[in-house]
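Written below as structure tokens is the structure these notes are about.
This structure is a prediction, so every number in the text was calculated from the model and none was measured. Throughout, a chain's letter reflects where its sequence line sits, starting with A, and its residues are numbered from 1.
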There are 2 protein chains.
Amino acid sequence: MTAARRWPGDNASATKIPNRSDLDRSALLGHPFVVRLKSYVDLTNADIDAIARSIERTLVVPKKNSVVLEGYQCATVHLVKQGFGIRYKVLPNGKRQILNVVLPGDVIGLPGALFNRALYTVASMTVMTLHTMSLDAFTQMARATPNVLLAMMWLAEHDLTMIGDHLIGIGRLTPLERVANFIFEMWIRLHSVGHAVGNSIELPISQHVIGDALGLSAPHVNRMLRRLKDLGLIAITQGSLFIKDAEELQLLGRYKSHVPARISFSRL
Amino acid sequence: MTAARRWPGDNASATKIPNRSDLDRSALLGHPFVVRLKSYVDLTNADIDAIARSIERTLVVPKKNSVVLEGYQCATVHLVKQGFGIRYKVLPNGKRQILNVVLPGDVIGLPGALFNRALYTVASMTVMTLHTMSLDAFTQMARATPNVLLAMMWLAEHDLTMIGDHLIGIGRLTPLERVANFIFEMWIRLHSVGHAVGNSIELPISQHVIGDALGLSAPHVNRMLRRLKDLGLIAITQGSLFIKDAEELQLLGRYKSHVPARISFSRL
DNA sequence: CGCCGTCTTGAGTAAGTTCAACACTAGTGG
DNA sequence: CCACTAGTGTTGAACTTACTCAAGACGGCG
């Protein structure tokens with residue numbers, strides 16, 4: 001971890017490409033964000049329309065660019081349509097900790113919108129397609145459609161559990177277990193939004209980044225990956241990762257999936 | 001960390017003392033939970049009445065008892081009125097990771113209510129006074145008073161940032177910094193709900209517990225505490241902790257407070 | 001072709017764990 | 001009232017582990 005190094009995303013000269021958005025309900029139906037919300041609560045067509053109306057524009061962020069910068073004003077909420085990102089923070093001593101990997105269906109900028117400046121930096125790892133919504137539009141939608149607000153709160157709680165599990169991993173798992181856990185989680189999450197085929201996933205993420213996510217040094221991540229390969233659990237070819245023994249990998253990584261409970265106002 | 005050890009809170013034979021609750025608005029005004037929500041959004045009297053109506057009973061939990069058990073059904077939301085608790089998880093290898101310390105004003109059981117079983121165990125460290133609300137009552141209140149729902153989402157995001165900071169600490173801070181950070185955070189949080197006098201706080205928490213929170217061994221926590229004492233930053237006498245040099249402690253612990261932004265529907 | 005980012009490997013070192021033993025305190029039951 | 005127990009705080013020594021630093025290989029891209 002070299003302190004002088006410039007992190008990916010530090011080049012704030014991101015050229016963002018704003019478009020007038022012209023989304024209708026049908027365009028949103030396959031959106032990973034809507035898919036995810038629908039897995040939490042039952043959304044009506046009116047709810048989805050409300051989301052569509054609140055979206056102001058579509059943003060395409062080049063790879064290795066920052067989406068939101070820690071400490072800067074942030075009154076925009078971004079819904080991730082495509083691409084990989086990371087949410088991280090750089091400490092005074094130059095070390096970086098990645099809080100979580102941002103995948104399609106995630107929301108960027110919500111905590112930053114509620115506090116009045118962003119708490120963490122979010123940077124793209126690949127090209128990302130985002131749909132943006134101003135904080136005002138978000139709040140307005142929240143008032144009009146409590147269903148969506150409830151789903152958003154659900155989503156916040158889900159994020160909480162993911163960060164909680166991440167915390168547990170860093171605090172009390174061995175490096176080998178952490179790496180196994182990380183790979184398995186990526187696999188599950190990519191599957192849940194339809195971005196994984198079978199046992200194979202694409203991980204456009206350097207070992208250095210994995211290290212910063214898991215609190216390990218890059219060389220050590222390398223050694224642990226090699227160990228997983230030697231154990232016959234995974235195979236790596238050309239940037240894509242193949243899971244050879246999912247069951248054993250899950251066991252080793254102590255991965256436990258959380259079963260969502262569907263709640264809705266209509267139940268009352 | 002001995003695997004065979006029984007954690008505080010494992011004695012599930014908690015004798016809980018149910019009372020018919022009879023709370024009105026005035027009784028809630030000084031409640032740390034309401035104080036906290038009001039720091040996020042403007043609550044009307046009607047909002048507070050709605051909270052009061054939703055509370056079903058008052059629960060007094062003896063010290064070192066479990067409030068919710070991981071894996072068990074959990075359709076109740078608890079608002080902490082008094083006392084200390086911890087939210088943790090025990091791993092298959094017998095190690096324990098504490099996610100956060102539960103203080104007055106916190107909510108217990110929300111993620112557990114949204115997933116259909118509790119994800120983590122919450123145990124009391126001291127005697128705790130809780131106000132309980134069924135999940136149904138909570139959802140009903142949420143629909144009727146979007147103001148409160150918005151505040152609850154705010155609270156969820158706030159928890160998210162606290163766990164995020166905890167994650168950063170464990171991942172990338174040195175043990176000494178972690179302990180300094182922990183003490184400072186406790187001080188700030190206790191102050192914010194009026195449970196700290198000046199630079200002195202009561203920490204009814206063993207070093208073993210601190211270790212499980214910070215991912216350290218108990219002996220090492222001890223060494224780090226001694227180091228902080230030797231540095232003249234803190235003093236410990238009889239279970240209460242005195243902060244001698246807050247500024248230096250904050251700096252060492254890399255503690256950064258988050259300034260809340262007040263948002264409300266009425267702004268629209 | 002040369003460059004840069006990433007992957008890979010090795011050796012030395014600093015760091016924190018583990019294990020074990022003892023002091024001290026408070027609570028408990030005889 | 002006292003002995004006993006359990007939990008906690010404290011310290012030391014040996015050991016393991018992962019980091020740091022450094023150097024080289026590989027591969028894509030200008």
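Here B:Asp159 pairs with B:Arg36 under the salt bridge (Lys or Arg N to Asp or Glu O under 4.0 Å) rule; sequence neighbours left out. A search for salt bridge (Lys or Arg N to Asp or Glu O under 4.0 Å) contacts involving B:Arg117 returns nothing, not counting sequence neighbours. A search for side-chain contact (heavy atoms from CB on, under 4.5 Å) contacts involving A:Thr129 returns A:Thr58, A:Lys81, A:Gln82, not counting sequence neighbours. Among residues two or more places apart in sequence or in another chain, the salt bridge (Lys or Arg N to Asp or Glu O under 4.0 Å) test is passed with B:Lys244 by none. Listed by chain and residue number, nothing satisfies the ring-ring contact (aromatic ring centres under 6.0 Å, His included) test with B:His220 (two or more places apart in sequence, or in another chain).
Side-chain atoms of A:Gln207 lie closest to C:dT8 of the nucleotides D:dT10, D:dT20, C:dT8. Closest approach to the B:Pro175 side chain among C:dG16, C:dT17, C:dT6 is made by C:dG16 (side chain taken as heavy atoms from C-beta onward).
Among residues at least two apart or in separate chains, salt bridge (Lys or Arg N to Asp or Glu O under 4.0 Å) pairs with a member in residues 222-236 of chain B are B:Arg226-B:Asp230.
D:dG9 atom P lies 13 Å from atom CD1 of B:Ile234, rounded to whole Å. Atom C1' of nucleotide D:dC19 and atom CG of A:Leu214 are separated by 15 Å, given to the nearest angstrom. Rounded to a whole Å, the NE2 atom of A:His208 is 13 Å from the C1' atom of D:dC19.
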Would you tabulate the pairs of protein nitrogen or oxygen atoms and nucleotide nitrogen or oxygen atoms of nucleotides 11-13 of chain D closer than 3.5 angstrom?
from: D:dT11; atom 1: OP1; to: B:Arg226; atom 2: NH2; distance (Å): 3.4
from: D:dT11; atom 1: OP2; to: B:Arg226; atom 2: NE; distance (Å): 2.9
from: D:dT11; atom 1: OP2; to: B:Arg226; atom 2: NH2; distance (Å): 3.4

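Atoms OH and CD, on A:Tyr255 and A:Gln250 in that order, are 8.0 Å from each other to the nearest 0.5 Å.
B:Gly215 comes within contact range of the sugar-phosphate backbone alone, with a heavy-atom separation under 4.0 Å but no base atom that close. A:Ser217 comes within 4.0 angstrom of a nucleotide base, judged by non-hydrogen atoms across all strands.
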For residues 176-189 of chain A, tabulate all N or O donor-acceptor pairs below 3.5 Å that involve a side-chain atom, not counting sequence neighbours.
from: A:Glu177; atom 1: OE1; to: A:Thr174; atom 2: N; distance (Å): 2.8
from: A:Glu177; atom 1: OE1; to: A:Thr174; atom 2: OG1; distance (Å): 3.3
from: A:Glu177; atom 1: OE2; to: A:Arg254; atom 2: NH1; distance (Å): 2.2
from: A:Arg178; atom 1: NE; to: A:Leu173; atom 2: O; distance (Å): 3.0
from: A:Arg178; atom 1: NH1; to: A:Leu214; atom 2: O; distance (Å): 2.8
from: A:Arg178; atom 1: NH2; to: A:Leu173; atom 2: O; distance (Å): 3.3
from: A:Asn181; atom 1: ND2; to: A:Gly253; atom 2: O; distance (Å): 2.6
from: A:Glu185; atom 1: OE2; to: A:Arg189; atom 2: NH1; distance (Å): 3.4
from: A:Trp187; atom 1: NE1; to: A:Gly198; atom 2: O; distance (Å): 3.0
from: A:Arg189; atom 1: NH1; to: A:Val101; atom 2: O; distance (Å): 3.2
from: A:Arg189; atom 1: NH2; to: A:Val101; atom 2: O; distance (Å): 3.0
from: A:Arg189; atom 1: NH2; to: A:Asp106; atom 2: OD2; distance (Å): 2.9

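Distances shown here put a side-chain N or O of B:Lys95 below 4.0 Å from the OP1 or OP2 atom of C:dT18. A close approach under 4.0 Å does occur between a side-chain nitrogen or oxygen of B:Lys64 and OP1 or OP2 of D:dT8.
Checked against the 6.0 Å centroid criterion, the rings of B:Phe33 and B:His131 do not qualify as a close aromatic pair.
End-to-end axis angle of the helix from C:dC1-D:dG30 to C:dG30-D:dC1, from C1' rotation axes over five pairs per end: 30° (rounded to 10 degrees).
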